[in-house]
Amino acid sequence: MTETAAEQTETFAPPEQFAAAANIKADEYERAEADYLGFWAEQSRELVDWHEDFGEVLDWTNPPFAKWFVGGKLNVAYNCLDRHVLAGNGDRVAINFEGEPGDSRTYTYAELLAEVSKAANTLTDLGVKTGDRVAIYLPMIPEAVISMLACARLGAAHSVVFGGFSSDALRSRIIDAEARVVITADGSYRRAKPTSLKPAVDEALSQGDTPVEHVLVVKRSGQEVDWVDGRDQWWEDSVGQASDTHECEFFDAENPLFILYTSGTTGKPKGILHTSGGYLTQVLYSMKAVFDIKPETDVFWCTADVGWVTGHSYVTYGPLAAGTSQIVYEGTPDTPHQGRWWEIIEKYKATILYAAPTAIRTFMKWGEEIPAEYDLSSLRLLGSVGEPINPEAWRWYHRVVGGERCPIVDTWWQTETGAHMIAPMPGVLSTKPGSSQRPIPGISVDVVDDSGENPAGPEGGLLVIRRPWPAMLRGIWKDPERFKETYWSRFEDTYFAGDGARRDEDGDIWFLGRVDDVMNVSGHRLSTAEIESSLVAHSKVAEAAVVGAADDTSGQAVVAFVIVSNGAEDSPETAEELRQHVGKDIGPIAKPKTVHIVTDLPKTRSGKIMRRLLKDVAENREVGNTTTLADASVMDQIEKSVAGA
Ligand code: WT7
């Protein structure tokens, strides 16, 4: 992956036609910078349908607790549905759904509004009120989007839990958010096999100590399910029978929209809280500016699952609020064959594709003759998200998928930022393989040294965000102290993102990965501490240390070093048992790629594990400086046992 200097400075000017028709022109950066609050107020009034206009743009009198668009009233679901229908666009396709087994469904905006109204009426019947929380544990099917919008319509916050997470993970999120209702499905399809979801919900609720009163179950895979009378109901029996009209209320700009749990540096996931007016403003602005959306003609496809923030902002809220047509796909890229994505693009004539570098690298391995068999000429813009995209993957994406005519927007953002923060304006900037380039208009970021005062040198430093932004998280659910501590304590009045970055001679930003104990596996965020605590909870484990090691396909891979307890065997079977244990405990995505059983771990004299050294071993590098180790011979033993394994 090493690049020569010449390759690094190679840029791709926006195609002439693209630039001429682009939503954003070059003066936008300066205009926004001249008065950033005025800029966001203008964008918000243009893009959001406010039921009552706001007064003050930003209340930052009690940092880091922000209030945006003070006093404004809106309904986010109304913005995603009703307003398009009222404007005469009810017949436009909102969702082209493609199920993994090959079934498909289409919803127009008018049909989607009817479905969301039915779901909102059902949730109301189940006692859900403004200010409540609803947990959503669904596969990538339209009902996931419908459920989220039904919550938004009622002013109840949803907490979507990725369907690949375990019952334990679901349970702790239900309890923390105090959800009254869970929406789930019997099961889903993955790699041509039905996989179940309902049993995980049953297990999560089995101790009877959660606030959940009702479980709404979508029939998807047709599997047999256990049933708790009085608690469980089929979606088709309740939502299916409900009235398809629903008069919505309008809520304060700061009414909670959702909580989404994400991994931090400690074992306990953080409930990231997003509210309504600011979030919708920035998500819509990014649709317009970064994705250059033309709702009348575009067919947008974001391949992320709604269980992650990318699916919240760029499957549910962004495309629908923008009024465009989009594709929702349930399955994996290689089922039933490795051309599935390209087949879907050809079928629906997708114009914008938004995907993670891991997927691109996987397609590279499968070979460019596969996409070459399909007509991808409808595509006009490509997006990348979730992890740094290496220049080689960028160029492949540009050439093979984009036919050298599509700009690529490499979008840096986080669960916490709610929407894009750093990405090129595709009609303005010449793009550069591997660099996210510049903050979007209205956003101010810096790359600083450890003191936070000075710009970082060529070797790079820490990415910080200088000013509040509309879609910023409003806090960590029920934990204001952790919110302050995690993001706002390292530098004064400045948001610390946890990412390393550097600027090149042109001032363009390159990301260097996380600087904390957070790993990024296939664009998904995992915490070393969370996996370590899962491992040590197993009876065969005495101590564990986990690192993210560089991986050609997934960016990073989880590698665990484990000391087994007395009596437990040092064998491949034990290692495999521990891998499976983590998969069951947290979810398959957290399963370590490798578990090394060792006799000791590298520790400082004060007992702190030096993960940096373990990372050297996991990445096959010469082990770095060991002088601070309590026992310097430990690393030799570890290297020997890893080599012998
Ligand atoms: C972390 C956030 C953003 C939605 C998906 C992940 C990494 C994200 C990029 C990018 C380099 C990126 C960062 C960030 N990241 N996008 N374009 N280039 N790194 O959301 O799970 O909250 O993870 O993903 O390290 O901090 P998330």
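Keep in mind it's a predicted model, so treat the numbers as computed, not measured. Indexing begins at 1, ligand by ligand and atom by atom, following the structure's order.
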statement: One finds that the ligand 1 atoms under 4.0 Å from a non-hydrogen atom of Asp410 are 10 (C), 17 (N)
task: Consider every N or O of Thr411 and every N or O of ligand 1, then say whether any pair is closer than 3.5 Å.
output: yes
Ligand 1 contact on Arg514 by region, counting heavy-atom pairs under 4.0 Å: side chain
- request: Would you mind listing which atoms of ligand 1 come within a distance below 4.0 Å of any non-hydrogen atom of Arg525?
  value: 2 (C), 21 (O), 22 (O), 23 (O), 27 (P)
task: Please name the residue in the list Tyr314, Tyr354, Trp341, Phe97 that meets the ring pair (Phe, Tyr, Trp, His ring centres under 6.0 Å) test with Trp301.
output: Trp341
task: Return a yes/no value for Thr415: is any of its N or O atoms, backbone included, closer than 3.5 angstrom to an N or O of ligand 1?
output: yes
query: Can you find a non-hydrogen atom of Pro388 under 4.0 Å from ligand 1?
result: yes
- prompt: Between Asp168 and Lys584, is there a side-chain N and carboxylate O pair less than 4.0 Å apart?
  reply: no
field: Residues Glu532 and Arg611 bridged, charged N to O under 4.0 Å
entry: yes
query: What protein heavy atom sits nearest atom 10 (C) of ligand 1, and how far off is it?
result: Glu387 O, 3.5 Å
query: Where's the contact between Phe511 and ligand 1, heavy-atom distance under 4.0 Å: side chain, backbone, both or neither?
result: side chain
message: Please tell me whether Trp469 and Tyr495 form a close aromatic pair, meaning their ring centres lie under 6.0 Å apart.
response: yes
- request: For the residue pair Tyr317 and His158, categorise the inter-ring angle as parallel (less than 30°), tilted (30 to 60°) or perpendicular (more than 60°).
  value: parallel
message: Please check if the number of heavy atoms outside Glu492 that lie under 6.0 Å from its CD is greater than 12.
response: no
query: Under the 6.0 Å and 45° cation-pi test, does Arg474 pair with Phe65?
result: no
query: Could an N or O of ligand 1 be found under 3.5 Å from any N or O of Gln414, whether backbone or side chain?
result: yes
statement: Ranked by distance from atom 6 (C) of ligand 1, the top protein heavy atom is Gly523 O, 4.0 Å
query: Just which atoms of ligand 1 are under 4.0 Å from any heavy atom in Asn520?
result: 7 (C), 24 (O)
- line: Short version for Val518: what comes under 4.0 Å of ligand 1, heavy atoms counted, is neither
- request: Classify the contact between Asp499 and ligand 1 as side chain, backbone, both or neither, using a heavy-atom distance cut-off of under 4.0 Å.
  value: side chain
task: Please state whether the rings of Phe162 and Phe165 are parallel, tilted or perpendicular, taking 30° and 60° as the class boundaries.
output: perpendicular
- request: Return the residue, atom name and 0.1 Å-rounded distance of the protein heavy atom closest to atom 15 (N) of ligand 1.
  value: Gly386 O, 3.3 Å
Any Phe511 side-chain heavy atom under 4.5 Å of Ile509 side chain: yes
field: Interfacing atoms of ligand 1 (cut-off 4.0 Å, heavy-atom, Val309)
entry: 4 (C)
message: Could you check whether Tyr397 and Phe363 have their ring centres less than 6.0 Å apart?
response: no
Residue Thr310 vicinity, atoms of ligand 1 by number, heavy atom under 4.0 Å: 4 (C), 5 (C)
task: Would you mind checking which non-hydrogen protein atom is closest to atom 3 (C) of ligand 1, with the distance to 0.1 Å?
output: Trp413 O, 3.0 Å
Donor-acceptor pair between Ser44 and Thr281 side chains, under 3.5 angstrom: yes
task: Determine whether the side chain, the backbone, both or neither of Ile389 has a heavy atom under 4.0 Å from any heavy atom of ligand 1.
output: neither
